[in-house]
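Below is one structure; the comments refer to it alone.
Please read these numbers as outputs of a predicted model, since none were measured by experiment. Counting convention: from 1, in listed order, for ligands and their atoms alike.
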Amino acid sequence: MKQSMLYPCTNAHRSFASLDGLWKMQFDPASDGITQNWQDGLPDPFSMPVPASFADVFTEKEKRDYCGDFWYETKFYLEADDGRDVILRFGSITHRATVYINGVCAGFHEGGFTPFVLNITELVRFGNRNRITVRVNNELNETSIPCGTTKVRKDGSRLAQPYFDFFNYSGIQRSVHLLKVPKEAILDYDTAITLNGSDAVISYQVKTSGEHSVSAEIFDRKGNRVCANTGKSGELLIRDARLWNVRDAYLYTLVFRILDDNGGEIDKYPARLGVRTIEVKGNRILLNSREVYLKGYGKHEDFEVIGRQFSWTVAKRDFELMKWTNANCFRTSHYPYAEEWYQMADEEGFLIIDEVPAVGMMRSLMNFAAAGAGGKDTRFFTADTVPQLQKNHKEQLEEMILRDKNHPSVIAFSIFNEPETTYPEARDYFAPLFALARELDVQKRPLTGALLVNSTPGKDTCAELCDFISLNRYYGWYILGGPDLNDAEGAFRAEVDAWRPICENKPLIFTEFGADTHAGEHKLPSVMWAQEYQNECYEMNFRVMDSYDFVKGELVWNFADFQTTEGIMRVNGNKKGIFTRNRQPKDAAFLLKKRWEQK
Ligand code: BDP
């Protein structure tokens with residue numbers, strides 16, 4: 001295990017301070033910060049909140065679109081040494097970061113959507129002020145997850161060119177914590193759940209950094225202890241277990257302690273436990289042995305001004321809107337979201353398909369309307385960059401699973417979004433990633449990946465790796481839109497017919513479908529971009545989906561309008577939202593609310 005990803009907590013042994021606030025920042029377009037010793041202090045900084053996506057705070061285009069190296073700096077006071085380790089934890093820095101403590105390099109991390117921790121005990125000055133400097137880089141290339149390229153313009157400035165359809169928000173986008181943890185500490189744990197009649201057996205494993213024994217206890221919501229065991233691994237039996245269910249999310253508390261030889265406590269970590277099982281049987285998805293139909297959204301972490309920064313208030317609004325439409329599920333398209341999203345989903349009883357940032361795995365200037373809709377095969381997985389890409393992909397997958405594996409809300413992992421899967425090298429690339437996920441996830445959740453329009457039976461090489469098939473399909477938009485909607489329906493039916501033999505034994509869900517819609521636009525009869533058309537397009541899609549009993553879920557694209565790179569295909573962003581970017585309903589929201597009430 002690379003690092004402990006446990007979310008910070010406070011108790012008799014552990015404490016943390018938030019380092020969020022106003023930091024200093026400076027762009028480093030010549031990438032010579034290191035040679036100028038910026039790690040010892042930034043020469044000409046401006047102020048910047050942390051966490052934040054820096055882009056949308058600026059009024060100047062060059063700053064919003066800045067691509068390259070940039071630096072952050074802050075200082076913190078550390079009280080006297082109390083014998084515990086001092087750990088610096090970044091919720092995420094996009095996309096790569098080198099961290100310096102008092103001018104000395106403490107570590108490097110690549111991957112913009114997962115936390116990383118650095119043990120800085122040896123680098124800090126106790127009873128003193130300390131400086132953190134971070135050199136960040138937000139360039140995209142074909143080994144980065146997500147993929148893209150970086151263009152150098154005539155004046156030498158760089159511009160990110162994503163192979164994906166969302167803005168390349170970057171910076172220190174999630175919270176920074178300074179943790180103090182005991183030298184002998186709980187590092188990680190796993191749980192796997194089996195239901196036995198009305199009882200539940202929780203097998204657990206705990207990793208610690210020492211040899212002392214561990215105790216495990218489960219408490220119910222009222223604080224009553226319901227079972228206990230000792231040992232770094234073992235089983236806990238909950239009699240008459242209250243299950244965790246959709247919109248009925250009962251959570252127990254699972255407490256691990258490291259005990260010394262006299263029974264004294266060395267460390268303690270309390271976690272929430274939702275008792276639920278998830279499995280695919282034949283072509284059904286079973287939650288607690290009962291079939292569940294997935295209804296909901298592909299989302300983004302995206303909001304006006306704050307970009308990809310997590311906001312409890314925006315997230316709460318999103319959950320309220322999702323509940324209002326009777327949804328039960330969302331996919332974290334196209335990257336692992338801030339940890340707080342999963343905590344909220346655990347509480348609210350929402351199902352999550354957790355996606356690794358493997359998007360843009362084809363050469364196209366934007367990840368839409370590409371290969372399938374007339375584009376050409378780019379043979380992405382035959383390039384020299386592929387071994388390094390796969391290494392990064394594995395690391396991102398491992399970090400996501402390590403971080404999210406104990407959330408009851410997480411019911412599946414998605415290993416990719418719309419790669420070029422139409423030739424055998426794609427399968428060679430993905431098979432080891434699926435194998436890795438199966439090995440790492442003790443709960444053995446179903447695995448999937450969202451397939452692009454041209455990944456159809458006979459052409460696609462990766463659907464067989466998936467436990468359920470996920471299709472992104474734009475019949476009525478990129479394919480046969482507007483006046484051709486009737487033909488779109490026929491073409492859509494023909495494709496779903498072709499999936500039937502595969503789906504005799506595998507569930508099929510739609511992870512994307514929809515139509516760009518301008519919130520202010522109305523037209524009778526409808527035209528593309530008008531709200532009436534978004535409804536008609538959804539009605540057509542639902543007619544088709546309802547005719548196939550192996551379709552087990554529908555996640556519309558997208559929950560809300562979101563920011564993308566500028567271009568002729570996008571009107572200040574992608575407008576396929578059911579809600580506007582500031583979270584007000586388009587007409588389609590009422591259609592979904594009604595449909596999902598009955599579904
Ligand atoms: C799919 C992508 C998604 C895009 C969407 C669209 O998975 O990221 O935003 O299409 O074009 O290709 O709206």
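Backbone and side-chain nitrogen or oxygen atoms of H300 are examined, and none is located within less than 3.5 angstrom of a nitrogen or oxygen of ligand 1.
A ring-centre distance under 6.0 Å is not found for F590 and W596. With ring centers used as reference points, F27 lies under 6.0 Å from Y66.
At least one heavy atom of W557 sits closer than 4.0 Å to an atom of ligand 1. At a 4.0 Å cut-off, not a single heavy atom of F166 sits close enough to ligand 1 to count as contact. Taking a 4.0 Å cut-off on heavy atoms, W477 fails to register as neighbouring ligand 1.
When non-hydrogen atoms are compared, ligand 1 lies under 4.0 Å from neither the backbone nor the side chain of D516. Residue contacts with ligand 1, taken as heavy atom pairs separated by less than 4.0 Å, involve Y474 solely via side-chain atoms from C-beta onward.
Panel note: side chain D56, backbone I306; no donor-acceptor pair is recorded below 3.5 Å. The main-chain N or O of L452 is found under 3.5 Å from a side-chain atom of R473 such that the two form a donor-acceptor pair.
Close approach of ligand 1 to H334 (heavy-atom distance below 4.0 Å) involves ligand atoms 3 (C), 7 (O), 8 (O). Interface of N472 with ligand 1, defined as ligand atoms under 4.0 Å from a residue heavy atom, comprises 7 (O). Each of the following atoms of ligand 1 lies closer than 4.0 Å to a heavy atom of Y478: 6 (C), 11 (O), 13 (O). Atoms of ligand 1 lying under 4.0 Å from at least one heavy atom of N574, given by number and element, are 6 (C), 9 (O), 13 (O). Within ligand 1, the atoms closer than 4.0 Å to a non-hydrogen atom of R570 are 6 (C), 11 (O), 13 (O), numbered from 1 in the order shown. The atoms of ligand 1 that sit less than 4.0 Å from any heavy atom of F562 are 9 (O). Close contacts of ligand 1 with K576, meaning ligand atoms under 4.0 Å from a residue heavy atom, involve 6 (C), 11 (O), 13 (O).
A salt bridge is defined here as a Lys NZ or Arg NE, NH1 or NH2 lying under 4.0 Å from an Asp or Glu carboxylate O, and E566 with R64 meets this definition.
With R96 as reference, E110 is the one residue of E139, E110, E395 to meet the salt bridge (charged side-chain N to carboxylate O under 4.0 Å, His left out) rule.
Residues N417 and N472 bring a donor and an acceptor atom of their side chains to less than 3.5 Å of each other. No donor-acceptor contact under 3.5 angstrom links the side chains of Q388 and T143, judged on distance only.
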